[in-house]
Amino acid sequence: MLISPSVLNADLSRLHAQVDSIAAVADMIHLDVMDNHFVPNLTFGLPVIESLLQSSDIRADCHLMIDDPDRWAPPYARAGAYSVTFHVEAARDPARVCADIRKAGARAGVAVKPGTDLGEIDVLGDALDMILVMTVEPGFGGQSFMAEMLEKVTRARRLADRAEGDVWVQVDGGVGPDTIALCAEAGANVFVAGSAVFRAADPAAMVESLRSIAAHA
Ligand code: DX5
Ligand code: ZN
């Protein structure tokens, strides 16, 4: 059970301090890169993540909601990200992007939007290290969890277990104390939580309590 807090709804003017506040208890930090093309929102990109990685030891879980990941995903891996996830809907050659990410030393993740069938990533077989099942439409933090995605999480878990390596299943969007147990029961093992963590009075304590709810589900 891995908890990956998303800084999307944190105070980004104090990015480093916000990351520090959960670094001791979180397994990774989830960094949402948006380009205002693939999604209708704009956040930060490679220079910000490079700077963060130079001054923090936390594992970076980069979620790229951008066009042309074929070109832009591998540089995040080269910058030292632990995991780089791109959207299958945006990629021309998803298997190739996975291979390039791995070659650059990161785990390769593939994300699917709520309307995208898992069949789209079926063909990737052993090329990927993580399936990200979006449980909201990508683009914004603080949205409500889509319970109808739980079935997809279970199917993603089956796909993951069929693969040779240690393939993770991540959920992202509306994950918090009230929804994390459902996700764990459905088969997820990596949980992104944005507003649940950074809008909590004590973000580190929230990370611990999310992990414990997931572990007991
Ligand atoms: C949404 C992002 C999420 C977002 C999650 O497009 O991919 O990572 O930050 O935020 P919450 O947990 O608030 O739904
Ligand atoms: Zn995300």
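All values below come from the heavy atoms of this structure, side chains included, with hydrogens, waters and symmetry mates left out. As the structure lists them, so they are numbered: ligands from 1, and atoms in each ligand from 1.
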Could you tell me the separation between the CG atom of Asp126 and the CD atom of Glu164, rounded to the nearest 0.5 Å? 4.5 Å
Residue, atom and distance of the protein heavy atom nearest atom 1 (C) of ligand 1 read Phe140 O, 3.6 Å
Please state which protein non-hydrogen atom is closest to atom 3 (C) of ligand 1 and give its distance, to 0.1 Å? Asp172 OD1, 2.9 Å
Can you list the atoms of ligand 1 that are under 4.0 Å from a heavy atom of His30? 8 (O)
If the contact criterion is a heavy-atom separation under 4.0 Å, does Ala196 count as touching ligand 1? no
Is the closest side-chain donor-acceptor distance between His16 and Ser55 under 3.5 Å? yes
Quick one: report the N, O or S atom of Asp32 that is nearest to the Zn ion (ligand 2). OD1
Name the residue from Asp11, Val7, Asn9 that meets the side chain to side chain contact (heavy atoms under 4.5 Å, CB included) definition with Phe198. Val7
What's the separation between atom NZ in Lys103 and atom SG in Cys98, rounded to the nearest 0.5 Å? 12.5 Å
Tell me the protein heavy atom at minimum distance from atom 2 (C) of ligand 1, and give that distance in Å. Asp32 OD1, 3.4 Å
Can you list the ligand 1 atoms lying under 4.0 Å from a non-hydrogen atom of Pro138? 6 (O)
Residues Asp32 and Thr43: side-chain donor-acceptor under 3.5 angstrom: no
Which of the numbered atoms in ligand 1 are below 4.0 angstrom from a heavy atom of His63? 7 (O)
Looking only at protein heavy atoms, which one is nearest to atom 13 (O) of ligand 1, and what is the separation? Ser195 OG, 2.3 Å
Provide the atom name of the closest N, O or S atom of His63 relative to the Zn ion (ligand 2). ND1
Any nitrogen or oxygen of Ala193, main chain or side chain, under 3.5 Å from a nitrogen or oxygen of ligand 1? no
Considering only heavy atoms of Val192, which atoms of ligand 1 have at least one such atom less than 4.0 Å away? 8 (O)
Taking atom OG of Ser4 and atom CE of Met28, what is their separation to the nearest 0.5 Å? 4.0 Å
For atom 12 (O) of ligand 1, the protein heavy atom that lies nearest, with its residue and separation: Gly194 N, 2.7 Å
Starting from atom 10 (O) of ligand 1, what is the nearest protein heavy atom, named by residue and atom, and what distance separates them? Gly141 CA, 3.6 Å
Which residue and atom name correspond to the protein heavy atom nearest atom 14 (O) of ligand 1, and how close is it? Gly174 N, 2.8 Å
To check your reading of the site, what angle at the Zn ion (ligand 2) do NE2 of His30 and OD2 of Asp172 form, to 10°? 100°
Does Ala186 offer a backbone N or O that forms a donor-acceptor pair with the side chain of Thr154 under 3.5 Å? yes
Pair Lys152 + Asp117, salt bridge at N-O below 4.0 Å: no
With heavy-atom distances below 4.0 Å as the criterion, list the atoms of ligand 1 near Leu8. 4 (C), 9 (O)
If two hydrophobic side chains count as joined below 4.5 Å and joins carry through other members, does Phe44 share a cluster with Leu52? yes
Is there a donor in the side chain of Asp61 and an acceptor in the side chain of Gln170, or the other way round, less than 3.5 Å apart? yes
Are the charged groups of Arg14 and Asp20 less than 4.0 angstrom apart, N to O? no
Under 4.0 angstrom from ligand 1, any heavy atom of Arg199? no
Just which atoms of ligand 1 are under 4.0 Å from any heavy atom in Gly173? 14 (O)
Checking side chain to side chain contact (heavy atoms under 4.5 Å, CB included) between Pro138 and each of Met65, Gln143, Met34, Glu89, which is the one that passes? Met65
So for atom CD, which belongs to Glu185, do other residues, nucleotides or ligands contribute more than 12 heavy atoms lying within a distance under 6.0 Å? yes
With heavy-atom distances below 4.0 Å as the criterion, list the atoms of ligand 1 near Met65. 6 (O), 7 (O)
Specify the protein heavy atom at minimum distance from atom 6 (O) of ligand 1: its residue, its atom name, and the distance to 0.1 Å. Gly139 N, 2.7 Å
